[in-house]
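Have a look at the structure below, then the notes.
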Amino acid sequence: MLERLGDPLTGARVSEIAIAAKGIPHVFPHGVEEDAERASAGGLGEREDWTQIPLLTIDPADARDHDDAVWAEAHDGGWTLLVAIADVSWFVLPGSPLDRQAFDRGNSVYFPDQVVPMLPEALSADACSLKAGTDKAVLAARMEVDKDGEIIGASFHRARVRIAANLAYEEAQAVIDGRADNALKEPVLEPLWACWHALSKARAKREPLELDLPEKRVVLDAAGRVQGIAVRERLDAHRVIEDMMIAANVAAAKALEAKKAPVMYRDHEVPSREKLTGLKDYLATLGISFALGQVVKPATFNRITKLAEGRPNATEISEAVLRSQTQAYYSPRNEGHFGLALGSYAHFTSPIRRYSDVLVHRALVSAYRLGAGGLPDGSEQRFAAIGEHISFTERRAMEAERETLDRYIARHLGDHVGQVVRARISGVQAFGFFATVDGIGGDGLVPVSALGEERFRFDEAGRYLEGAESGTKYGQGQRLDLRLEEADPVTGSLRFSIPGVEPSDRHVPRFRRDGRSGGGGAKRGGPPPGVRRGRKR
C-alpha cells in the first residue's frame, strides 16, 4: 500500500516517515479506543486508601503521561519509600482487545512532534496517568531503606492515591536549591532527597556503568518548524527519580523470585570478547591499556572514562565504551543487568508505555493475590516468545526515534548548505569518515574522494585515515572545519567536503543507513545501546 506523507521540508510531522518505514502500528483498530473509554469509566475497585499520603510525580516539563509517584518518610535507621505506579493491569485485562493491541505495539514511541502510545489516550493520558488532585489506582512498592541505601524489606499493594502535585524536574530542583518556594519542600521533597542520598551510597558501592553522553532534543515551534537543537539538562532531580525507579524495579524482581512467580527480566549481558578486543585495540592507539584477561565489571569501564576526563577525545572514548556494550533485552531467563551492576532486574515502573511492565504488574497481582488482572494460568510458557517480541518492538522504536531526530537535524541544517561548520569526527571507515556538527549533532559523511587526489590508508585499530604521501591524518575525535554540501531531510543524511581541497573524481559508492553500499544518502548506524540514557529505567 502506498501512502503520501507530504513534503518533509514543510510537513509538521517528520516522524511519519519513520512510522511508515518501520511499520509501527499507529492507528488503533475499530472499537479499541471505545474499550479504553469503557475501562476507564469502570471505577477503581477495592484497594487500600493512601489518599492522605502526599505522593508527587516528578517528570519532564513536557511529559504527556505520569507513570510514577514517590514519597519517603524518615525513621530510626532509615526511610520508608513508596513508589506508586499507575495500575494499568486493573484496566487492561489479559486477552482483551486492549491487551492484544498493547502487545502488538510493545511500547510507546516518542518523537519530537508526536507520541505513538501503547495504550489509547483515554488510559495513557487520563485514567492511568497520575494527575494531581483526583483519585487514581496504583500498584505500589513499599520499601524499607537503611542508612546505607540498601533495601531491607519490600511489599506490594494495590492502593487508591490522590497525587499532591505534578512537578517538572526543573521545578523540583529549584525548590530544593532554594530558588523557588513550594509548600511541599519540607514535608515531601526534603525527605525524598535525604532518602536518595542513602540510595546513592548503595549505587556508588555497586559502581554501575557511568557514561556522560548528552542527549539531544529537538525544539519545535507551534507550526512544527525546528527552532533549535538543545541538550537535555541533567539535574539531581533526574537522579532522585531514576534511583528510586531502579530500587522499585529490583524490589519487584526479587519479590517475584521469592514467590517463585514468573518474571520478565530486563537483561543486559557482559560485553562479548569480540567487542572487548575492538575496544582494547582502539584504546591502545591512545596510550590507554585494557587487559582482556581481567574480570570485566562496569567499574572497569568507569576507570577508562575517568582516565579520559579532560582529554579532547573524552567523548569519543565514552562512545567507544558504549559501542562495546551488548544490547539489553527482555527474557524470562535471568542473566543480570551488567550496566546497572544488578543481579536481578525487571521493569515495573512504566506500564503506560512498556508492555514488559504490564507483565510484571500482572505477576505481582497474582503472587500477592491482589484481585483481578493477574497472569492467566500458563502465561509463563509464552514468556520467552513475548520477551523476543517486545525486545524487537523496543529496538524498532529506538531506531525510529533516532532516525527521526536525524531527519529533523538535517531539516534544520538545510538552510546552512554551502556554509562552513565546526565538526567532530565521530567515525572512520575505509571509504571516508563521519563527522558531527558541534552543538547540533547529526552524522554526515566525508567520502575519501573529498580528501583530494592523494591515496589514504585506513588504520582500523587506530580509527584514522592517513595520507600516503603527506601523512595527513583524519582520526576519530578530531575537530575540524567542514563545508556542508548536502542535508537530506528524507534520509536524515548529511554530506561534507574539506574547504580548500579539490575533490577527486575517483568513484566512491554511496552508503545506506546500515553502512552497506547502495543508493541514498550516506549514514553511519548508531551504536548498539546498552544502558538507555535520559529516560527513567
Side-chain angles (χ1 to χ4, degrees), residues 39 42-53 55 67-73 79-96 98-99 102 123 127-128 130 135-145 150-163 244-266 330 332 334 342-352 354-383 386-387:
L44 306 184
E46 292 186 11
R47 52 186 65 233
E48 296 178 43
D49 186 354
W50 288 11
T51 55
Q52 300 306 307
I53 299 174
L55 289 141
D67 278 298
D68 51 84
V70 291
W71 175 85
E73 181 179 58
W79 290 265
T80 297
L81 171 63
L82 303 182
V83 175
I85 308 299
D87 192 357
V88 171
S89 63
W90 175 256
F91 299 97
V92 181
L93 297 179
S96 67
L98 277 171
D99 182 44
L123 293 175
C128 294
L130 304 182
D135 286 8
K136 295 291 181 179
V138 299
L139 181 61
R142 182 187 184 98
M143 295 169 281
E144 297 302 323
V145 183
E150 300 292 343
I151 308 300
I152 57 176
S155 57
F156 289 83
H157 310 258
R158 264 185 162 160
R160 178 190 301 263
V161 301
R162 190 174 300 140
I163 304 302
M244 290 179 177
M245 296 305 109
I246 290 173
N249 287 337
V250 172
K254 290 185 174 180
L256 291 173
E257 289 171 349
K259 296 280 188 179
K260 299 187 179 348
V263 187
M264 183 60 77
Y265 290 100
R266 177 64 166 177
Y330 295 105
N334 186 14
L342 292 167
S344 297
Y345 194 66
H347 274 162
F348 161 74
T349 54
S350 292
I352 290 177
R354 292 189 304 226
Y355 194 76
S356 58
D357 304 51
V358 176
L359 295 173
V360 171
H361 277 228
R362 289 174 178 167
L364 289 165
V365 167
S366 295
Y368 280 84
R369 299 180 180 178
L370 296 176
L375 281 177
D377 292 341
S379 294
E380 186 175 5
Q381 299 171 8
R382 297 183 58 239
F383 262 35
I386 293 173

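All values derive from a computational prediction rather than experimental measurement.
Between F348 and F156, the angle of the ring planes goes over 60°, which puts this pair in the perpendicular group of the 30/60° scheme.
Put simply, the side chain of I151 does not reach to within 4.5 Å of the side chain of K254, judged on heavy atoms. Using a 4.5 Å cut-off on side-chain heavy atoms (C-beta onward), L256 and V360 make contact.
Between W90 atom CH2 and L44 atom CG the span is 8.0 Å, to the nearest 0.5 Å. Here E257 contributes atom CD and N334 contributes atom CG; the two are 5.5 Å apart, rounded to the nearest 0.5 Å. The CG atom of D68 sits 11.0 Å away from the CE atom of M244 when rounded to the nearest 0.5 Å. Interatomic distance, OH of Y345 versus NE2 of H347, reported as 4.5 Å (0.5 Å rounding). Here OG of S89 is found 10.5 Å from CG of L359. Values are rounded to the nearest 0.5 Å. Going from atom CZ of R160 over to atom OG1 of T51 covers 8.0 Å, rounded to the nearest 0.5 Å.
Between D99 and R362 there is a salt bridge, with a side-chain nitrogen of the basic residue lying less than 4.0 Å from a carboxylate oxygen of the acidic one.
Nearest heavy-atom pair across G43 and F91 is O-CE2, 4.3 Å. Shortest non-hydrogen contact noted between P94 and G374 is CG-O, 3.4 Å. For the residue pair N249 and A346, the shortest heavy atom distance occurs at CB-O, 2.8 Å. Considering every non-hydrogen atom in both P351 and V358, the closest pair reads O-CG2, 3.5 Å. Taking all atoms of both residues into account, the shortest heavy-atom contact from L98 to A39 is CD1-CB, 4.3 Å. Heavy atoms only, all atoms of each residue included: S350 and D357 are closest at N-OD2, 2.8 Å.
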Task: Residue pair R158, Y368: steps toward the side-chain contact (heavy atoms from CB on, under 4.5 Å) verdict - done: CA-CA 10 Å; R158 264 185 162 160; Y368 280 84; over 6 Å; no

Open item on the list: Would I53 and V161 count as a side-chain contact (heavy atoms from CB on, under 4.5 Å) here? Give the steps.
Closed with: CA-CA 7 Å; I53 299 174; V161 301; over 6 Å; no

TODO: Please test M245 against V70 for side-chain contact (heavy atoms from CB on, under 4.5 Å), starting from the C-alpha separation and ending with a verdict.
DONE: CA-CA 9 Å; M245 296 305 109; V70 291; 3.7 Å; yes

Open item on the list: Apply side-chain contact (heavy atoms from CB on, under 4.5 Å) to residues V145 and I152 and explain how you reach the verdict.
Closed with: CA-CA 6 Å; V145 183; I152 57 176; over 6 Å; no

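Distance alone, capped at 3.5 Å, places no donor-acceptor pair between the S366 side chain and the A363 backbone.
Remark: R266 is positioned above the aromatic ring of Y330, its terminal NZ or CZ atom under 6.0 angstrom from the ring centre and at most 45 degrees off the axis.
Under the side-chain contact (heavy atoms from CB on, under 4.5 Å) rule, V138 has a single partner from I85, L130, I163, which is L130.
The number of heavy atoms from other shown groups lying within 6.0 Å of CD (E48) is above 12.
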